[in-house]
Amino acid sequence: MRIRAAAVGAVTMSLALAASACGGGSSSGEGSNDSPKTLTYWASNQGASIEVDKKVLRPELDKFEKETGIKVKLEVVPWSDLLNRILTATTSGQGPDVLNIGNTWSASLQASGALLPWDAKNFGRIGGKDRFVDSALGSTGVQGQDPAAVPLYSMAYALYYNKKMFADAGISKPPATWDELVADGKKISKKGKWGLGAEGSNLSNNIHQIFVLGQQHDADFFTAEGKPDFTSDGAVAAIKQYVDLMAKDKIVAPGNAEYAQNQSLSDFAKGKTAMVLWQTASATFKSLGMEDDEWGVAPAPVQSGAPGTGTNVNSMVAGINMAVFKNSKNINGATKFVEFMTSDAEQKILNKAYGSIPPVKAAQSDPAFNTQATAALRETLATSAEALPQVAEESQFETAVGTAVKELFADAAAGRPVTTASVKAKLEKAQQQMPTK
């Protein structure tokens with residue numbers, strides 16, 4: 001999912017969703033075709049601004065209308081509003097026909113029963129399930145159930161670094177381990193410059209980072225049965241390691257504790273920060289005035305050795321999925337629109353525009369997805385990325401644990417000690433906030 005500020009009311013709405021999930025969600029059937037000439041589409045904000053997204057999407061939607069006679073009413077929804085808007089629509093029944101969702105929300109929204117299941121018949125309408133890469137399909141809903149959405153854009157985390165700042169500090173290559181990253185960061189963090197940027201108040205970004213570190217510490221945050229497991233030794237160690245980048249290692253500026261709207265990318269582009277862990281950042285760097293040869297990209301660090309599986313995972317499977325509301329008044333048109341947006345040709349156009357990776361296998365053959373900006377992301381998705389827990393309570397997990405990490409960053413910025421005990425206390429509180437079935 002694209003990095004975003006968490007919706008203010010997500011806790012309340014997510015708890016309401018969880019309550020419906022415990023009962024199995026809605027059991028209503030598919031919608032109708034009462035309005036065959038129109039569709040409403042909620043797109044997520046993928047570009048540097050909503051206006052950029054409109055410029056990218058409008059020509060493609062007009063192309064779809066010319067091909068099918070179906071007019072698409074477009075609304076680009078900011079990430080700060082998107083989850084609440086979707087959750088409200090699932091309970092009210094008043095939503096769009098087609099929408100983008102962060103892939104980490106797939107299981108939570110699936111539990112509401114409001115989304116069209118993508119069974120073999122529906123996948124057949126868009127060319128078949130085997131057109132999509134396995135890693136992207138792994139974040140479309142609960143394993144063993146028909147997916148609740150279809151992959152649209154795929155992303156992965158990587159380490160972006162400022163070449164000049166590295167050269168000035170005498171650093172010849174990007175760090176491959178966390179120890180190397182901290183050592184490099186300390187060489188740079190002086191005279192108003194900082195080694196690493198972070199988004200301490202961005203709940204989802206916090207979750208993405210500590211989920212990956214959790215994998216490296218052999219912690220999943222949920223048991224095999226789907227129960228919250230936030231206070232294990234591995235989970236505590238993962239979060240302490242992340243916050244310690246500011247609290248102990250002092251390679252992250254204290255002001256980053258308040259960042260929630262991609263300010264760390266701006267700092268990176270201005271030469272204030274030498275490194276940033278981000279997903280699909282190349283297009284944003286360009287929009288911020290940074291030339292492609294000013295930055296480099298490398299796999300995100302692991303504890304030791306090379307990225308891979310298990311404790312060598314170095315990214316969550318990031319991305320955007322496309323879903324259809326089950327009560328759409330144009331089910332056939334909505335399915336045609338998903339087919340259009342996931343076609344080989346459109347996948348190349350859209351993912352080039354956003355600097356992301358097509359989750360459609362055939363589209364990945366385009367040379368645009370084997371550049372400096374995309375090759376590392378593509379390799380990570382193929383070999384060392386893991387999907388976030390596909391459980392109904394995932395969105396509550398993002399809010400509860402993401403807030404705990406935010407509070408720990410605030411402690412670090414204020415000079416208050418961040419200890420193993422204080423981290424565990426925050427996580428115990430977060431686990432108590434999770435719904436009980």
Side-chain angles (χ1 to χ4, degrees), residues 2 30-78 82 85-86 89 94-101 115-116 118 121-132 136 140 147 149-154 280 283 287 319-369:
R2 191 69 146 178
E30 291 187 10
S32 67
N33 290 297
D34 295 341
S35 301
K37 295 298 181 184
T38 61
L39 286 173
T40 300
Y41 174 41
W42 287 357
S44 50
N45 178 200
Q46 299 302 122
S49 70
I50 286 175
E51 290 306 313
V52 168
D53 284 313
K54 290 179 179 178
K55 289 179 181 178
V56 169
L57 294 171
R58 192 70 261 171
E60 307 314 306
L61 306 189
D62 290 344
K63 188 189 304 181
F64 176 74
E65 182 180 4
K66 186 175 180 180
E67 291 180 5
T68 64
I70 301 172
K71 183 175 181 61
V72 180
K73 299 177 182 177
L74 171 67
E75 182 179 357
V76 181
V77 184
L82 186 58
R85 291 278 300 276
I86 295 171
Q94 302 298 312
D97 299 285
V98 185
L99 69 160
N100 290 0
I101 65 173
L115 301 183
L116 179 73
W118 286 87
K121 176 183 175 184
N122 285 330
F123 261 115
R125 292 173 177 173
I126 64 170
K129 192 174 184 178
D130 60 358
R131 296 181 58 239
F132 299 88
T140 54
V150 175
L152 182 64
Y153 311 127
S154 287
T280 327
S287 72
I320 309 302
N321 293 341
M322 200 172 210
V324 173
F325 264 105
K326 192 186 289 185
N327 65 355
S328 168
K329 298 294 176 59
N330 190 359
I331 283 286
N332 287 345
T335 305
K336 288 180 182 177
F337 185 52
V338 174
E339 179 185 19
F340 172 80
M341 294 288 278
T342 59
S343 66
D344 294 354
E346 286 302 309
Q347 281 286 288
K348 293 177 183 179
I349 292 169
L350 295 170
N351 284 282
K352 282 180 188 177
Y354 291 129
S356 47
I357 306 296
V360 171
K361 296 174 185 176
Q364 289 190 2
S365 62
D366 192 292
F369 306 112

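FYI, side chains are in, hydrogens and waters are out, and symmetry mates aren't considered; it's all heavy atoms of this structure. These figures come from a predicted structure and were not determined experimentally.
- We find the CD-CD1 distance between Glu60 and Ile349 to be 4.5 Å, quoted to the nearest 0.5 Å.
- Formation of a donor-acceptor pair under 3.5 Å by the Asp97 side chain with backbone atoms of Thr40 is found in this model.
- Nearest heavy-atom pair across Pro151 and Thr342 is O-CG2, 3.7 Å.
- Annotation: side chain of Pro147 is in contact with side chain of Lys129 (closest heavy-atom distance under 4.5 Å).
- To the nearest 0.5 Å, atom CG of residue Leu74 and atom CG of residue Asp53 are 8.5 Å apart.
- Between Asp344 and Arg131 the shortest side-chain heavy-atom distance falls below 4.5 Å.
- By the salt bridge (Lys or Arg N to Asp or Glu O under 4.0 Å) test, Glu75 pairs with Arg85, sequence neighbours left out.
- With a 4.5 Å cut-off on side-chain heavy atoms, Pro359 and Asn351 count as touching.
- No side-chain heavy atom of Met322 sits less than 4.5 Å from a side-chain heavy atom of Ile101.
- For Phe337, the ring-ring contact (aromatic ring centres under 6.0 Å, His included) criterion is met by Tyr41, Phe64, not counting sequence neighbours.
- Put simply, the side chain of Tyr153 does not reach to within 4.5 Å of the side chain of Thr280, judged on heavy atoms.
- Side chain of Asn321 to backbone of Ala149: no donor-acceptor contact under 3.5 angstrom is found.
- Counting only heavy atoms from C-beta outward, the side chains of Glu65 and Val72 never approach each other to under 4.5 Å.
- Closest non-hydrogen pair, Val324 versus Ala334, comes out as CG1-CB, 3.8 Å.
- Take Lys66 and apply the side chain to side chain contact (heavy atoms under 4.5 Å, CB included) test, not counting sequence neighbours, and it matches no residue.
- The number of heavy atoms from other shown groups lying within 6.0 Å of NZ (Lys63) is above 12.
- Here salt bridge (Lys or Arg N to Asp or Glu O under 4.0 Å) pairs that include residues 31-44, with residues two or more places apart or in two chains, number zero.
- Here the closest non-hydrogen pair linking Pro358 and Ala363 is CB-CB, 3.7 Å.
- Taking OG1 from Thr38 and CG from Asn330, the interatomic distance works out to 6.5 Å, rounded to the nearest 0.5 Å.
- Nearest approach of Ser44 to Ile320, heavy atoms of both residues: OG-CG2, 3.7 Å.
- Atom CG in Leu115 sits 11.5 Å away from atom OG1 in Thr140 (nearest 0.5 Å).
- With sequence neighbours excluded, no residue forms a side chain to side chain contact (heavy atoms under 4.5 Å, CB included) with Asp130.
- Among all heavy-atom pairs drawn from Gly31 and Ile331, the shortest one is N-CG1, 3.7 Å.
- Rounding to the nearest 0.5 Å places CG of Asn45 at 5.0 Å from CD1 of Ile50.
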Next on the checklist: Leu152 vs Gln347, test: side-chain contact (heavy atoms from CB on, under 4.5 Å). Steps then yes/no.
Outcome noted: CA-CA 8 Å; Leu152 182 64; Gln347 281 286 288; 3.8 Å; yes
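- When side chains are defined from C-beta on, Tyr354 counts as touching Val56, because their heavy atoms get closer than 4.5 Å.
- Of the possible polar contacts, none joining the Arg125 side chain to the Val338 backbone as a donor-acceptor pair under 3.5 Å is found.
- For Asn100 (side chain) and Ala43 (main-chain N/O), no donor-acceptor pair under 3.5 Å exists by modelled atom type.
- Listed here is the closest heavy atom pair of Gly333 and Ile70: CA-CD1, 3.7 Å.
- Annotation: side chain of Leu57 is in contact with side chain of Met341 (closest heavy-atom distance under 4.5 Å).
- Using a distance-only test at 3.5 Å, with no hydrogens or angles considered, no donor-acceptor pair links the side chain of Ser328 to the main chain of Phe325.
- Other residues, nucleotides and ligands contribute more than 12 heavy atoms inside 6.0 Å of the NZ atom of Lys361.
- When the salt bridge (Lys or Arg N to Asp or Glu O under 4.0 Å) test is applied to Glu51, the partners found at least two apart in sequence or on another chain are Lys54.
- The CG atom of Leu61 sits 9.5 Å away from atom NZ of Lys71, with the distance rounded to the nearest 0.5 Å.
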